[in-house]
Amino acid sequence: MLVEPGSRPVPFFVVLRGELQIVRPSETAETLIVALQPGQFSGETNMITGRPSLARTRVTAAGEVIELNREQLLTLVQTDAELSELLMRAFILRRVELIAQGYGDVVLIGSTHCASTLRVKEFLIRNGHPHGYVDLDREADAQEFFDRFHVSSGDIPVLICRGRTVLRNPANQEIADCLGFNDSVDQTHVRDLVVIGAGPAGLAAAVYAASEGLDVLVIESNAPGGQAGTSSRIENYLGFPTGIAGAELTGRAQAQALKFGAQILVAKRATRLMCDGTPYAVQIDDGPPVPARAVVIATGADYRRPAIERLTQFEGAGIYYAATPMEAQLCSGEEVIVVGGGNSAGQAAVFLSQTSKHVHMLVRGDGLADTMSRYLIRRIDDNPRITLRTSTEITELEGDWHLERIRWSHRDGTTDARDIRHVFMMTGAVPNTHWLERCVALDDKGFIKTGPALSTDELAAAKWPLGRAPHLLETSRPGIFAVGDARAGNIKRVASAVGEGSIAIAFVHQVLNQ
């Protein structure tokens with residue numbers, strides 16, 4: 001046995017002679033994933049992420065292998081372009097196949113009508129972790145699961161972690177801890193750069209900083225990708241004429257950052273930025289503060305929650321803030337509502353129209369011309385399965401444990417009620433900056449002010465200590481930068497976020513060299 005499930009770090013093997021088998025063990029049998037012959041190599045994305053092994057590796061024919069540890073492998077992919085392309089492509093595609101086949105070390109037992117099940121499923125999918133799923137609504141012997149693991153219906157969803165740990169309705173952080181997502185990350189030593197948020201802006205900053213030799217840690221409260229990671233298809237991003245799914249784009253960015261040596265903490269929330277002295281420090285949940293010579297804030301923004309009674313009650317049970325294949329499966333063949341007039345809402349409407357019976361787009365304004373790209377407007381106009389309803393707002397939500405019926409009203413006073421069970425909210429943006437506690441200057445909407453937008457009075461209030469003015473993306477604190485949707489004046493486009501993340505690193509170098 002060379003590697004057991006849960007082992008970390010995972011060695012990399014190239015078979016010279018003999019045979020290695022990669023198998024997934026269970027209580028009663030083993031499932032063969034692949035047999036490696038001479039000239040073939042082991043490994044998938046956990047070689048890059050440093051996460052524990054999902055499978056067992058054993059020798060099945062005597063022979064010889066080349067063995068590299070993770071540090072040696074990272075050096076190889078960073079310095080040899082040809083091998084880097086070969087290995088990274090293989091690792092990524094192997095992880096995709098493991099996800100497709102459900103060859104993971106975790107089983108989720110839940111109900112598609114349960115908001116917490118949806119949350120856990122989304123967390124596993126967005127973190128790219130293979131898993132099995134048992135739907136209690138369709139499983140004939142569901143009671144057997146309850147009896148075997150000594151759980152009740154109130155414990156749903158249940159996560160069986162590596163066949164030995166039972167988690168009842170776990171928080172995302174519990175899942176990350178059980179699966180060892182963050183075990184390889186040292187949170188104590190001083191980093192050159194800490195990036196807070198792993199959306200496109202944060203990932204771009206991590207890629208450029210790590211590729212230029214900086215010691216980088218990325219802190220992400222949920223899963224890498226941000227709002228862009230939930231987009232069904234991005235078609236106006238440079239270099240992808242046929243479009244690319246948001247999860248695929250941000251997944252590639254994450255792989256790039258890890259390849260260059262950046263580390264990513266997931267399901268860890270930054271709760272405070274200690275900015276009174278240098279090095280700065282970022283408080284993470286209840287753990288030790290992470291010290292940093294420079295900080296990039298890329299915490300993004302959330303969709304605004306309209307003031308509709310019972311809205312929070314139905315979140316995850318009929319009210320959604322993302323339109324991914326997972327949500328599309330829940331409402332296949334049904335009528336749905338998309339609320340919002342921006343590009344995200346337009347992409348969601350077009351995507352959902354492929355599987356839903358009909359899509360109703362509700363916008364408060366008189367049209368889409370001022371808020372949406374022209375190519376999306378044309379697709380919506382030409383799609384018979386999408387109806388645009390302008391000057392319209394939802395006024396009432398009805399249902400017991402799941403949304404069953406909605407009522408909307410038009411500006412002219414007319415109302416309508418429909419038996420619609422799925423509503424996608426994509427309205428406006430609220431910046432994730434409340435945790436900063438006045439550490440940096442904000443505008444009246446809570447967005448972070450940077451560079452030329454900072455007034456003399458704001459710099460004086462922050463006791464700006466340098467003779468120079470703040471750099472373009474620098475906040476009222478030297479060495480603390482803001483990029484992406486959390487920044488005041490940001491253009492809400494993926495390309496803009498990526499550009500800001502990369503530009504910020506040029507200024508980070510200047511700060512570190514002062």
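One-based numbering along the sequence shown.
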By ring-ring contact (aromatic ring centres under 6.0 Å, His included) - contacts of F12 (at least two apart): F41
Which side-chain N or O atoms in residues 489-512 pair as donor and acceptor under 3.5 Å with protein atoms at least two apart or in another chain?
| from | atom 1 | to | atom 2 | distance (Å) |
| --- | --- | --- | --- | --- |
| N490 | ND2 | G484 | O | 3.4 |
| N490 | ND2 | E500 | OE1 | 3.4 |
| N490 | ND2 | E500 | OE2 | 2.9 |
| K492 | NZ | N490 | O | 3.3 |
| S496 | OG | I491 | O | 3.3 |
| E500 | OE1 | G484 | N | 2.8 |
| E500 | OE1 | R487 | NE | 3.1 |
| E500 | OE2 | R487 | NE | 3.4 |
| E500 | OE2 | R487 | NH2 | 2.8 |
| S502 | OG | V498 | O | 3.2 |
| S502 | OG | G499 | O | 2.8 |
| H509 | NE2 | E212 | OE1 | 2.6 |

Around R8, counting heavy atoms of other residues, nucleotides and ligands shown, do more than 12 lie under 6.0 Å from its CZ? yes
Please list, chain by chain and in numerical order, all residues satisfying ring-ring contact (aromatic ring centres under 6.0 Å, His included) with F181, sequence neighbours excluded. H129
Filter on disulfide bond (SG atoms under 2.5 Å apart), then keep only pairs touching residues 246-306, sequence neighbours left out; what's left? C275-C439
Restricting to ring-ring contact (aromatic ring centres under 6.0 Å, His included), what partner residues turn up for F424, sequence neighbours left out? Y320
If every non-hydrogen atom of V290 is compared with every non-hydrogen atom of I284, which pair is closest and at what distance? CG2-CD1, 3.3 Å
Below 4.0 angstrom, N of the basic side chain to O of the carboxylate: do E220 and R126 qualify? no
Could you walk me through whether Q347 and S344 pass the side-chain hydrogen bond (donor to acceptor under 3.5 Å, both in side chains) test, one step at a time? CA-CA 5 Å; Q347 290 163 351; S344 296; 4.7 Å; no
Give me each pair satisfying side-chain hydrogen bond (donor to acceptor under 3.5 Å, both in side chains) with a member in residues 265-278, each pair once, sequence neighbours excluded. none
Which residues pass the side chain to side chain contact (heavy atoms under 4.5 Å, CB included) test with P11, sequence neighbours left out? V3, F13, E67
Would you mind listing every disulfide bond (SG atoms under 2.5 Å apart) that reaches into residues 465-514, with sequence neighbours excluded? none
Listed once per pair and sorted, the salt bridge (Lys or Arg N to Asp or Glu O under 4.0 Å) pairs that draw on residues 300-310, sequence neighbours left out: R305-E315
Taking only residues two or more places apart in sequence or in another chain, which ones pass disulfide (SG to SG under 2.5 Å) with C178? C161
Pairs meeting criterion salt bridge (Lys or Arg N to Asp or Glu O under 4.0 Å) with involvement of residues 428-454, two or more places apart: K449-E458
Quick test of your reading: applying ring-ring contact (aromatic ring centres under 6.0 Å, His included), list the pairs with at least one residue in residues 183-210, sequence neighbours left out, ordered by first then second residue. none
Hey, what do you get for CG (L159) to CD (E174), rounding to the nearest 0.5 Å? 10.0 Å
Step through the shown structure and confirm whether more than 12 heavy atoms of other residues, nucleotides or ligands are within 6.0 Å of CG on D186. yes
